[in-house]
Amino acid sequence: MAVERTLSIIKPDATRRNLTGKINAKFEEAGLRIIAQKRIQLTKAQAGEFYKVHAERPFYDELCEFMASEPVVVQVLEGEGAIAKNREVMGATNPADAAEGTIRAEFAESVGENSVHGSDAPETAAEEIAYYFSGLELVG
Ligand code: GDP
Ligand code: MG
């Protein structure tokens with residue numbers, strides 16, 4: 001399996017509850033290396049641009065408000081099959097459906113405030129990494 005990079009976001013519900021370290025431990029235990037990381041405050045417009053694929057969904061406005069409500073930690077994870085591995089460690093979008101031991105099963109508050117974002121494919125991973133990081137910031 002190829003070494004991949006994926007974009008991860010620790011969302012406001014998790015940064016607010018000081019869960020960054022516990023979530024990062026889950027990534028590292030799964031063999032994902034955090035090769036870039038920063039804490040930022042998104043504007044609603046920046047959140048909207050990032051999530052524009054969901055612009056027509058009924059929860060879009062709520063999602064953008066939430067992502068801009070408090071700081072987030074954006075990060076790049078690297079490892080063998082990192083995109084799928086990260087999605088596995090995250091668990092299902094709705095914490096009610098998330099497998100035991102996953103980040104969302106343990107920490108998410110609701111389907112909207114679900115603690116983490118992870119890219120879903122190589123193309124989106126590349127786009128999403130470039131949205132938040134310059135090449136110089138990625139130290140693999
Ligand atoms: P993900 O890839 O597992 O994060 O899920 P999606 O790409 O389908 O959705 C993006 C994000 O939108 C999710 O992580 C949630 O924060 C939010 N979201 C998705 N579905 C719902 C929903 O039914 N209601 C609300 N309020 N938010 C949702
Ligand atoms: Mg998604």
Side-chain angles (χ1 to χ4, degrees):
M1 201 182 288
V3 173
E4 294 175 334
R5 290 175 173 180
T6 192
L7 190 279
S8 167
I9 306 178
I10 303 180
K11 294 183 177 182
D13 67 283
T15 59
R16 177 175 13 96
R17 289 176 289 149
N18 260 356
L19 292 171
T20 300
K22 284 187 174 154
I23 290 172
N24 279 350
K26 296 254 192 209
F27 294 143
E28 293 187 336
E29 280 158 17
L32 294 164
R33 185 176 298 280
I34 302 161
I35 64 159
Q37 174 167 264
K38 58 191 173 189
R39 178 175 163 96
I40 59 173
Q41 172 69 56
L42 291 171
T43 64
K44 190 175 172 186
Q46 289 165 340
E49 174 65 22
F50 178 74
Y51 273 124
K52 63 181 181 224
V53 63
H54 295 304
E56 304 307 320
R57 310 282 287 278
F59 56 80
Y60 179 65
D61 192 65
E62 188 186 327
L63 175 61
C64 298
E65 285 275 355
F66 165 60
M67 292 299 288
S69 65
E70 285 182 78
V72 295
V73 173
V74 293
Q75 45 191 195
V76 178
L77 308 178
E78 184 181 82
E80 297 267 323
I83 296 166
K85 189 176 280 183
N86 180 38
R87 300 284 311 186
E88 203 179 300
V89 177
M90 288 164 58
T93 307
N94 186 340
D97 302 328
E100 199 179 326
T102 61
I103 291 168
R104 283 166 166 171
E106 275 189 35
F107 303 125
E109 302 201 296
S110 65
V111 65
E113 305 205 359
N114 59 2
S115 303
V116 280
H117 165 85
S119 309
D120 58 12
E123 302 72 34
T124 48
E127 275 172 35
E128 292 178 1
I129 290 168
Y131 189 70
Y132 292 107
F133 293 95
S134 77
L136 286 174
E137 292 177 292
L138 308 177
V139 186

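Atoms within each ligand, like the ligands themselves, are counted from 1 in listed order. Keep in mind that what you see is a predicted model, and the values were worked out from it rather than measured.
V53 shares a hydrophobic cluster with no other residue; no ILVMFWY side chain has heavy atoms under 4.5 Å from its own.
In this structure, K11 counts as a contact residue of ligand 1, since one of its heavy atoms falls inside 4.0 Å of the ligand. Contact annotation: N114 has at least one heavy atom less than 4.0 Å from an atom of ligand 1. Taking a 4.0 Å cut-off on heavy atoms, H54 registers as neighbouring ligand 1.
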**OP:** Give the C-alpha distance, both sets of side-chain angles, the deciding distance and a yes or no for side chain to side chain contact (heavy atoms under 4.5 Å, CB included) between E137 and Y132.
**Re:** CA-CA 10 Å; E137 292 177 292; Y132 292 107; over 6 Å; no

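In terms of polar-atom proximity, G112 is counted as a contact of ligand 1, with an N or O under 3.5 Å from an N or O of the ligand. Backbone and side-chain nitrogen or oxygen atoms of T93 are examined, and one is located within less than 3.5 angstrom of a nitrogen or oxygen of ligand 1. Annotation: E113 places no N or O atom under 3.5 Å from an N or O atom of ligand 1; distance criterion only. Remark: ligand 1 and R104 share an N or O pair separated by less than 3.5 Å (distance only, no angle test). At least one N or O atom of E62, backbone or side chain, sits closer than 3.5 Å to an N or O atom of ligand 1.
Looking at atom 19 (C) of ligand 1, its nearest protein heavy atom turns out to be F59 CZ, 3.5 Å. Of all protein heavy atoms, the one closest to atom 2 (O) of ligand 1 is R87 NH1, 2.9 Å. Distance from atom 24 (N) of ligand 1 to its nearest protein heavy atom, with residue and atom name: V111 CG1, 3.6 Å.
The aromatic rings of Y51 and H117 sit perpendicular to each other, their planes meeting at more than 60°, with 30° as the lower class boundary.
Those atoms of ligand 1 that come under 4.0 Å of a heavy atom in L63, given as number and element, are 12 (O), 16 (O), 17 (C).
Between the side chain of N114 and the main chain of A108, no donor-acceptor pair closer than 3.5 Å is present.
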